[in-house]
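Positions are given from 1 along the sequence.
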Amino acid sequence: MIKLSINKIGELANAGSLSLCYTKLMLDLNEYGIEMWPEEKIQAFRKALLDWYDDNKRDLPWRRTRDPYAIWVSEIMLQQTRVDTVIPYYERFLHHLSSISDLAQAPEEVILKLWEGLGYYSRVRNMQKAAQQMVKDFDGQFPTTHAAISSLKGIGPYTAGAISSIAFNLPEPAVDGNVMRVLSRLFEVDYDIGLPANRKIFQAMMELLIDPERPGDFNQALMDLGSDIESPVNPRPQDSPVKSFSAAYLNGTMDKYPIKAPKKKPIPVAYQGFLIRNKENQFLLEKNNEAGLLSGFWSFPLLEKGAVVNKQVSLFEVAEEVVQPDIRQSFTELYGLTVDWQEQEFDTVQHIFSHRKWQIELIEGISDSSTLPDSKELKWVSVEDFPTYPFAKPQQKMWESFVKAKES
């Protein structure tokens, strides 16, 4: 089994046993049918990759700093999110929360507002918990060892490796999907990169390959290569700076690698969204205080129209069968409001999460009621004040559908 970590490599190197360490890792990888290169070829690979990176690396704001806090913010934002999308969020976040202590002390609604639209909101909540850990355990400073960085909330092996190597020049691999894709093609790795149990294989490979002098640049070079030339869609292997090292390229098996089982399709769920306004033209907003998806965000009220929809049947057919006879009456009973329902038609809103696909039909209403029930956190909010409330993407899409209908 693969047991040696990069920290262990360092221990063996200090003890004069580096060649033994490399031999041990190679033997471990041989158990998985992966034959690693000799040291001379590894050095040639490092040079080819880093020479290409020096000439072609992207000019990104987080690459202009060695500040571990800024690098951490960028790495968390980049999870599941495109680079072009992240840049303005990154700059705005650091403008408002420029230090660990700022993040640790910020109200939740502030951090959610700064993250609004990026999705996967547990990321920023975990960041705040990690910042609070640093204030408590590290005197408000970013820890400088891989072990200490790994102990922070929300920081897994990839993020710990990225911060350690980029901010502190520690020879720690940062193994993400891009890196595993490149390695799969370099060595024709016959293991599914989507299975967490297989990550240790790629980690061991990286521990042998990583450049000890420029570990941060090495990690970022592989990320750039994997996101562009070695991308999952329309790769350009003929343009790769390391194509002469790639077994898949040389053997004509590029279309086989990486091995990855298809993702399960998200399950459709039908909702009714309620755009209710009062005579002052204020809209009813509800804060989600439940743990889980979109917790802490404000939204127009939503009621699920039925049970989870069977993917073999039309979403709306199932919704009609299982919905209560009059969902408007259900709203009235739950929210304690008398509503004059309007007949305006709106585009159906669709939003896809990793595991759920929301279909939201909208209905508009006008209410004379002024008293709101205490059982829910509700507010009448004017449109001018919307920017002060954190809205998740489904809420933004509902408002866009409303505005579009009113302008047509």
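In this structure, K379 is not positioned above the aromatic face of Y389 in the sense of NZ or CZ being under 6.0 Å from the six-membered ring centre and within 45° of the axis. Judged by a 6.0 Å distance limit and a 45° cone about the ring axis, K41 is not positioned over the six-membered ring of F245.
The two residues V179 and A174 come nearest to each other via the heavy atoms CG2-O, 3.5 Å. Closest approach of L114 to Y89, counting heavy atoms only: O-CD2, 3.4 Å. For the residue pair F187 and L209, the shortest heavy atom distance occurs at CE1-CD1, 4.1 Å. The two residues A392 and F297 make their nearest non-hydrogen contact at N-CD2, 3.4 Å. Closest approach of F202 to Y191, counting heavy atoms only: CZ-O, 4.4 Å. Summarising the geometry of A221 relative to L49, their closest heavy-atom pair is CB-CG, 3.8 Å, with the distance given to 0.1 Å.
The backbone N or O of Y271 sits nowhere less than 3.5 Å from a side-chain atom of E304 that would complete a donor-acceptor pair. Using modelled atom types, one side-chain atom of S184 and one backbone atom of M180 make a donor-acceptor pair closer than 3.5 Å. K393 places no side-chain N or O within donor-acceptor distance of the main-chain N or O of I352, the cut-off being under 3.5 Å. Within the 3.5 Å criterion, the main-chain N or O of Q350 finds a donor-acceptor partner in the side chain of K397. Listed for the D211 side chain is no donor-acceptor partner under 3.5 Å among the backbone atoms of P215. A distance-only check finds a donor-acceptor pair linking the side chain of S151 to the backbone of A148 [under 3.5 Å]. When atom types are taken as modelled, the side chain of Q359 and the backbone of A270 share no donor-acceptor pair closer than 3.5 angstrom. Looking at S165, its side chain does come within 3.5 Å of a backbone N or O of A162 through a donor-acceptor pair. For the pair S382 (side chain) and Q282 (backbone), a donor-acceptor distance under 3.5 Å is absent. A donor-acceptor pair is defined here as one N or O able to donate and one able to accept, closer than 3.5 Å; such a pair exists between the side chain of T388 and the backbone of D385.
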**Request:** Go through the steps for S101 and M134 under the test side chain to side chain contact (heavy atoms under 4.5 Å, CB included), then give the verdict.
**Result:** CA-CA 9 Å; S101 60; M134 286 185 266; over 6 Å; no

**Prompt:** Would D102 and S98 count as a side-chain hydrogen bond (donor to acceptor under 3.5 Å, both in side chains) if you check the C-alpha gap in whole Å, the side-chain angles of each, and the deciding distance to 0.1 Å?
**Reply:** CA-CA 6 Å; D102 287 344; S98 60; 3.2 Å; yes

**Message:** One pair to check against side chain to side chain contact (heavy atoms under 4.5 Å, CB included): F346 and I363. What are the steps and the verdict?
**Reply:** CA-CA 8 Å; F346 303 95; I363 185 170; 6.0 Å; no

**Asked** Given the rule in the side-chain hydrogen bond (donor to acceptor under 3.5 Å, both in side chains) test, do Y335 and E286 qualify, once you have shown the distances and angles that lead to the verdict?
**Response** CA-CA 10 Å; Y335 289 84; E286 179 176 4; 2.5 Å; yes

**Request:** Might you work through the side chain to side chain contact (heavy atoms under 4.5 Å, CB included) test for R66 and N169, ending with a clear yes or no?
**Result:** CA-CA 10 Å; R66 296 292 292 273; N169 207 42; 3.9 Å; yes

**Item:** Derivation and outcome, side-chain hydrogen bond (donor to acceptor under 3.5 Å, both in side chains), residues E109 and W298
**Value:** CA-CA 10 Å; E109 287 202 356; W298 291 83; 3.0 Å; yes

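Using a 4.0 Å cut-off between charged nitrogen and carboxylate oxygen, R328 and E333 do not count as a salt-bridge pair. Using a cut-off of 4.0 Å between Lys/Arg side-chain N and Asp/Glu carboxylate O, K406 and E364 are scored as salt-bridged. The residues D217 and R46 are annotated as not salt-bridged, no charged nitrogen and carboxylate oxygen being separated by less than 4.0 angstrom. Under 4.0 Å is where a charged nitrogen must lie from a carboxylate oxygen, and between R63 and D224 at least one such pair does.
In this structure, H355 and F353 have tilted ring planes: the angle between them lies in the 30° to 60° band. The aromatic rings of W399 and F283 lie perpendicular to each other, with more than 60° between the two planes, well past the 30° mark.
Residues T85 and M77 are not in side-chain contact: their nearest non-hydrogen atoms beyond the backbone lie 4.5 Å or more apart. Between Y90 and L78, every side-chain heavy-atom pair lies at or beyond the 4.5 Å cut-off. Between I87 and L60 there is a side-chain heavy-atom pair separated by less than 4.5 Å.
Donor-acceptor pairing under 3.5 Å is lacking for the side chains of S227 and N178. With 3.5 Å as the limit, one finds no donor-acceptor pair spanning the side chains of W62 and E75. A donor-acceptor contact closer than 3.5 angstrom is absent between the side chains of D190 and Y32. No side-chain N or O of Q396 forms a donor-acceptor pair with one of E400 less than 3.5 Å apart.
If you take CD on Q141 and OH on Y69, they are separated by 13.0 Å, rounding to the nearest 0.5 Å. Note that CH2 of W52 and CG of L225 are 5.0 Å apart. Values are rounded to the nearest 0.5 Å. Here the CZ-OG1 distance, from F274 to T332, works out to 8.5 Å after rounding to the nearest 0.5 Å. Of the inter-residue distances, the one linking T159 atom OG1 with D176 atom CG reads 9.5 Å to the nearest 0.5 angstrom. Atom CD1 of I42 is separated from atom CG of L208 by 5.5 Å, given to the nearest 0.5 angstrom. Of the inter-residue distances, the one linking F45 atom CZ with K47 atom NZ reads 13.5 Å to the nearest 0.5 angstrom.
When the shell of 6.0 Å around CD of E35 is examined, it contains 12 or fewer heavy atoms from other residues, nucleotides or ligands.
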